[in-house]
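A quick write-up on the structure given underneath.
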2 protein chains.
Amino acid sequence: MLTAKGAATRRRIIEGAAAEIREMGVAATTLDGILGRTATSKSQVFHYFPGGKEELLLAVAAREADRVLEDQEPHLGDLGTWQTWDAWRDAVVERYRRQGVNCPLGLLVTELGRTTPAAQQLTAQLVDRWQAALRAGIERMQVAGAIDAAVDAGRTAAAIVAAIQGGVVILMSTGRIIHLEAALDTMMAFLRSAAPTDVPGHDEE
Amino acid sequence: MLTAKGAATRRRIIEGAAAEIREMGVAATTLDGILGRTATSKSQVFHYFPGGKEELLLAVAAREADRVLEDQEPHLGDLGTWQTWDAWRDAVVERYRRQGVNCPLGLLVTELGRTTPAAQQLTAQLVDRWQAALRAGIERMQVAGAIDAAVDAGRTAAAIVAAIQGGVVILMSTGRIIHLEAALDTMMAFLRSAAPTDVPGHDEE
DNA sequence: CCCAGTCTGGACTTGCCGGTCCATTTTACT
DNA sequence: AGTAAAATGGACCGGCAAGTCCAGACTGGG
């Protein structure tokens, strides 16, 4: 019960809403604003998103969450050498440098997160997926002998996700990207300092 | 031109606004909601905050920013031994554990930051003050010989602020505190791993 | 060609919320 | 006590934006 034309319109609405949010911020985003931008009418919005604005915003958030991870590929899925880690680091910084002060996802989440359990779950999923990819990368480095096996891969991955997130928040609210860079670099320095050869005293597995 | 009674009312309004935001979130905060909670009338709000809602929210943000740093004392101002660093770490985690999913400051900033330059500046100031305190702590450790002098204190301090910020954001949007803990612990582990004795190969100043 | 379901346009309703206004009361100062 | 300034209450306004409705235009299968 959704023709090709209908699916296209639905997609267009999500796309337009994301653009509107990027430009105006979540608080200033109105349905009318999205309408004008996408050349649709209000009935379309409610036709494709019966739950109204909230459902639409949630759909936008879901799409943006996917984008966040996609934009880190192919590096994120390929972490296994210091070279790939560096490439990934640069990709993350570049992605957020381009995005600048607008984070459709972050705002949606802090806006909807409190009220909508679905939004909270969406965020949790994104964090989990992100963290899992980083964890796999760390474990691969451990298997290769580049990082001490004593490092808690999961916990460290969680720390890296948090560090990035914090850097992005500071970027959004102050316009400075240095914190994101410093956070990433410091985390990378920690990983490198955890090379087995650097800590010969450790003998536990 | 502000009697004792007036000052008290003004304080009460800010207090009530902060409480309302904590409970409802910024988006759902209305002047009427604050009015009911503080037993004031709308004319008071505009009497004490001629700039209207925006000025009030900014005042709340300024107050909350101060609280953030105050709540880390006396530890934050006293970082000089691993013991004090650990105490500070615990204080931060505890502070945000108590605060839970509500961050009046973070929301105000992401909400106002984009539109109001004053809010952006406020955030930048908070970040700077926070970072300066951490930097002083790191430098004290370096002077004491507990941390390698080759560590960039300013940059590392920036990374720590970002890590905390990210942990808090994730706490707010998912309810999980583990990322904040992991981020702090990993940063601490990095600092400890940078003890001069651990890297005898470094000879540059 | 037709008809059932889908899609679209836009006028309309509804309610909320920021902001204004003015009349009244309280405070502070001499 | 008196008066000017500050503080307070609450009615009122205006606009905006979410959501509703219905009439009409497309689409696709039989």
Side-chain angles (χ1 to χ4, degrees), chain A residues 1-61 104 107-108 111-112 114-116 118-119, chain B residues 1-21 23-61 107-108 111-112 114-116 118-119:
Chain A
M1 34 152 77
L2 191 72
T3 73
K5 192 178 178 187
T9 302
R10 194 190 136 96
R11 221 175 308 122
R12 193 152 36 94
I13 292 174
I14 294 180
E15 212 68 39
E20 183 80 359
I21 290 169
R22 261 189 288 271
E23 275 184 32
M24 315 289 289
V26 176
T29 293
T30 89
L31 290 186
D32 293 311
I34 300 171
L35 264 43
R37 175 187 298 266
T38 59
T40 50
S41 69
K42 205 167 279 190
S43 45
Q44 261 119 309
V45 173
F46 285 87
H47 182 66
Y48 295 107
F49 306 93
K53 194 182 187 183
E54 183 172 314
E55 187 178 339
L56 169 57
L57 257 46
L58 209 57
V60 173
L107 290 185
L108 281 167
E111 187 91 4
L112 292 179
R114 172 176 339 270
T115 60
T116 321
Chain B
M1 39 151 75
L2 192 72
T3 71
K5 192 178 179 186
T9 302
R10 196 189 135 96
R11 222 175 306 123
R12 192 149 39 93
I13 292 175
I14 294 180
E15 210 69 39
E20 183 80 0
I21 290 168
E23 274 183 34
M24 317 288 288
V26 176
T29 294
T30 88
L31 291 187
D32 292 310
I34 299 171
L35 265 42
R37 175 187 298 268
T38 59
T40 50
S41 71
K42 205 169 278 191
S43 46
Q44 261 118 312
V45 173
F46 284 86
H47 182 65
Y48 296 107
F49 305 92
K53 193 183 187 182
E54 184 172 313
E55 187 179 338
L56 169 57
L57 257 46
L58 208 58
V60 172
L107 291 185
L108 281 167
E111 186 90 4
L112 294 180
R114 169 174 344 266
T115 61
T116 320

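Reminder, nothing fancy here: chain letters follow the sequence lines and each chain counts from 1.
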Contacts table for residues 45-58 of chain A: side-chain donor-acceptor under 3.5 angstrom, sequence neighbours left out:
{"from": "A/K53", "atom 1": "NZ", "to": "A/T29", "atom 2": "O", "distance (Å)": "3.0"}
{"from": "A/E54", "atom 1": "OE2", "to": "A/T116", "atom 2": "OG1", "distance (Å)": "3.4"}
{"from": "A/E55", "atom 1": "OE1", "to": "A/G51", "atom 2": "N", "distance (Å)": "2.5"}

request  = Can you run down the salt bridge (Lys or Arg N to Asp or Glu O under 4.0 Å) pairs that involve residues 25-41 of chain A, sequence neighbours left out, and say none if there aren't any?
outcome  = A/E20-A/R37, A/E23-A/R37, A/D32-A/K42

ask   = Separation of A/I34 atom CD1 from D/dC16 atom P, in whole Å?
value = 17 Å

request  = Round to a whole Å and report the spacing from CE of B/M1 to P of D/dA6.
outcome  = 5 Å

For A/S41, all residues meeting side chain to side chain contact (heavy atoms under 4.5 Å, CB included), sequence neighbours excluded = A/S43, A/Q44

inquiry  = Judged by each residue's nearest nucleotide on DNA chain C, which is more toward the 5′ side, B/A4 or A/T40?
reply    = A/T40

query = Hey, does A/Y48 reach any base, or is it just sugar-phosphate, or nothing, if we go heavy atoms under 4.0 Å?
reply = sugar-phosphate

Any residue meeting salt bridge (charged side-chain N to carboxylate O under 4.0 Å, His left out) with A/R11, in chain and number order, not counting sequence neighbours = none

Spacing of OG1 belonging to B/T40 relative to CD1 belonging to B/I34, to within rounding of 0.5 Å = 8.5 Å

query = Of all heavy-atom pairs between B/V60 and B/A17, which one has the smallest distance, and what is that distance?
reply = CG2-CB, 3.7 Å

request  = Let me know the distance between NE2 of B/H47 and P of D/dA7, rounded to the nearest Å.
outcome  = 4 Å

note = So CD1 of B/I14 and OG1 of B/T38: to nearest 0.5 Å the spacing works out to 11.5 Å

Where chain A begins and ends its contact with DNA chain C, read 5' to 3' at 4.0 Å from heavy atoms = C/dT6 to C/dG10

query = What string of B, S and - do you get for nucleotides 18-30 of chain D, 5' to 3', if B is base contact, S is sugar-phosphate-only contact and - is no contact with any protein heavy atom under 4.0 Å?
reply = BBBB----S----

If you look only at distance, which donor and acceptor atoms sit under 3.5 Å apart when one is on a side chain in residues 2-9 of chain A and the other is two or more places apart or in another chain?
{"from": "A/T3", "atom 1": "OG1", "to": "A/K5", "atom 2": "N", "distance (Å)": "3.4"}
{"from": "A/T3", "atom 1": "OG1", "to": "A/G6", "atom 2": "N", "distance (Å)": "3.1"}
{"from": "A/T9", "atom 1": "OG1", "to": "A/K5", "atom 2": "O", "distance (Å)": "3.1"}
{"from": "A/T9", "atom 1": "OG1", "to": "A/R12", "atom 2": "NH2", "distance (Å)": "3.4"}

